[in-house]
Amino acid sequence: MRGTITRREFSKVLISGIAGTALGVFGGAGRAFGASRQVVVVGGGFGGATTAKYLKKLDPSISVTLVEPKAAYVTCPFSNWVLGGLKTMSEITVTYSHLSAGYGITVIAESAKSIDALASTVTLGSGRVLHYDRLVVSPGIDFKWGAVEGYSRSIAESMMPHAYQAGTQTELLRKQLLDMKDGGTVLICPPANPFRCPPGPYERASLIAHYLKERKPRSKIIILDAKEKFSKQALFSKGWAALYPGMIEWRGSTAGGKVLRVDPVAMSVMTEPGEVRADVINVIPPQRAGQIAVDAGLADAGGWCPVNPLSFESTIHPGIHVIGDACYAGPMPKSGFVASSQGKVAAAAIVRLLRGQDPVPPSLVNTCYSLIGPGYGISVAGVYRLSSEGIAEVPGSGGLTPIDADAEFLEQEAMFARAWYRNIVADIWG
Amino acid sequence: MPLTNKHLLTVCFITVSALMATTSPALAGKISRTGSSAKVSPRGQMLALSCSGCHGPDGKSAGIIPSIYGKSTEYLETALREFKSGVRASTVMGRHAKGYSDEDIHLIAEYFGALGKKTR
Ligand SMILES: Cc1cc2nc3c(=O)[nH]c(=O)nc-3n(C[C@H](O)[C@H](O)[C@H](O)COP(=O)(O)OP(=O)(O)OC[C@H]3O[C@@H](n4cnc5c(N)ncnc54)[C@H](O)[C@@H]3O)c2cc1C
């Protein structure tokens, strides 16, 4: 059974244990009724900042501490727009001042160094120890360094940026594009699934093409893909043919796309048919849950964190909720929108768990816009519920921009993309 | 709180003020929150939390995406049902509205209808 469930079916889910034994409804009652109600949130990105804010919106009496080393967070959403020259870095940078001043959240500008799940404590880089009644971990991704031969953190920081965590990486890739000669070649090398923002590399190709078409029209983009197909493929292919004919070439993994190794000195990528030289090389390496989640024992052998979909509480360590890119969430893509939706569900669940109540069955959602050109947007939408098999898409809902959408529709989607960004940033950090 | 542990899976009704998002907790003490007559279900709140990801905090939108905040329950319920059936044209709302039952739609509409009334 997929999709919506009745209350009776939902009780079955609970009893059958599919929703997890670490549910916290029964087992967690001990941690529920204490006078102290301290929630610590690790990570102030899309997932963590949302949880912190919504905990306070739903129950201002809970004390909420947000641990995030960056004073200014650069959003990955719209960082491709920066690469295309459509946005500036400052337009995609947010701070935590409103969360602390407006919502009474204690924001600590440090990294969490370790988590002791038995003692319910988080130790910060400075050595300071925070106690929690419930902990939320939303550290995003880290890269599997070593998965691509020849590629490393220092190569990413100097020669071949991944630009898959926004900030200095975005600036480095943008600078390389600006410095490139007309007639140059840009390589984009996306990883196999699962990874952060499945349409991200293809929106990136689109907006780099937009820049090159205007400024360096003899240049070319080649996507060397570890996959045989990709997100919104038909819509992207149609958009590329319409806006950038001949400029973007996509090679699937068995058609020469598979990256065997990279050579930063020669500025080349080795593939099965041979070596591909380029002027700008963007390697997006395979990913896993952020390091702190792995160190805390929250991830499994696959590199991501299993959770109870009712509350996003870890099925490994009760009392710790893992949300966003770091967790397994069935068919939900790893997007900022999803991380934020999960953050709200986790916040609502934590408020109830701290009162000794059971969480309400989750309602989850995603909307991801991709921009192909300034007036050409496409989207994917999804509505998700708990089913007896875990998180499932509600049948008949969601889906892609229609493939036969007309120019007006596509232009509206581009306009809605801009409006979406403004509203979600306000919803999370405003 | 009228909720008890005993009603583990019962959808209980509690006052809007106890559950609903407030614009700023700092102001919460100054806004009269008790005695509100409108009721929302925790289920309604859960469903409604999804909307702000596009429509802005508490449904207050800054750009061309329409605000939900301040719209009546009747208006929102009609609009969502029309998006769902396709009577009302949309880019993305039809795809979303199809994910909700008529009862869900009623709960969402009721939540935002009450939210707009509370602080207007
Ligand atoms: C190019 C690109 C484009 C994208 N476009 C979109 C889009 O249009 N729409 C969309 O919805 N999504 C988009 N995404 C995806 C989106 O960025 C991620 O899915 C989202 O950021 C995930 O949120 P998160 O909270 O899991 O992680 P993040 O947002 O990465 O936040 C994690 C935070 O945790 C902090 N942190 C890590 N470790 C620690 C520690 N030990 N202690 C304290 N803090 C720590 C980090 O500093 C970081 O700020 C895009 C991604 C990319 C790369």
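Note on naming: letters A, B, ... go to the chains in the order of the sequence lines (proteins, then strands), and numbering restarts at 1 for each one.
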Contacting moiety of [X], where chain B heavy atoms sit under 4.5 Å:
| X | value |
| --- | --- |
| A:Asp59 | neither |
| A:Tyr369 | side chain |
| A:Val425 | neither |
| A:Ser340 | neither |
| A:Phe409 | both |
| A:Ala381 | both |

Consider only side-chain N and O atoms of [X] and [Y], and report whether a donor and an acceptor are under 3.5 Å apart.
| X | Y | result |
| --- | --- | --- |
| B:Thr73 | B:Glu110 | no |
| A:Ser61 | A:Arg37 | yes |
| A:Thr50 | A:Lys344 | no |
| A:Tyr384 | A:Ser341 | no |

Practice prompt. Sort out for me which of A:Leu400, A:Asp427, A:Ile424, A:Val383 touches chain B most, counting heavy-atom pairs under 4.5 Å.
Written response: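 Highest number of heavy-atom pairs under 4.5 Å: A:Asp427.
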Worksheet item: Going through the checks in order, is the side chain to side chain donor-acceptor pair (under 3.5 Å) test met by A:Gln38 and A:Ser63?
Response: CA-CA 5 Å; A:Gln38 301 275 347; A:Ser63 42; 3.2 Å; yes
Item to complete: Counting only heavy atoms closer than 4.5 Å, note whether B:Ser67 contacts chain A via side chain, backbone, both or neither.
Response: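 For B:Ser67, neither part sits under 4.5 Å from chain A.
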Worksheet, complete the sentence: If you tally heavy-atom pairs under 4.5 Å between each of B:His55, B:His96, B:Lys84, B:Lys98 and chain A, the highest tally belongs to B:His96
Worksheet item: Given the options B:Gly56, B:Gly63, B:Gly53, which has more heavy-atom pairs under 4.5 Å with chain A than any of the others?
Response: B:Gly53
Discussion item. With heavy-atom distances below 4.5 Å as the criterion, would you say the side chains of A:Ser138 and A:Val41 are in contact?
Written reply: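 A:Ser138 vs A:Val41: side chains apart.
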Worksheet entry | cation_pi(A:Lys56, A:Tyr103) dist<6.0 Å, angle<=45 |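 No, A:Lys56 does not lie over the aromatic ring of A:Tyr103.
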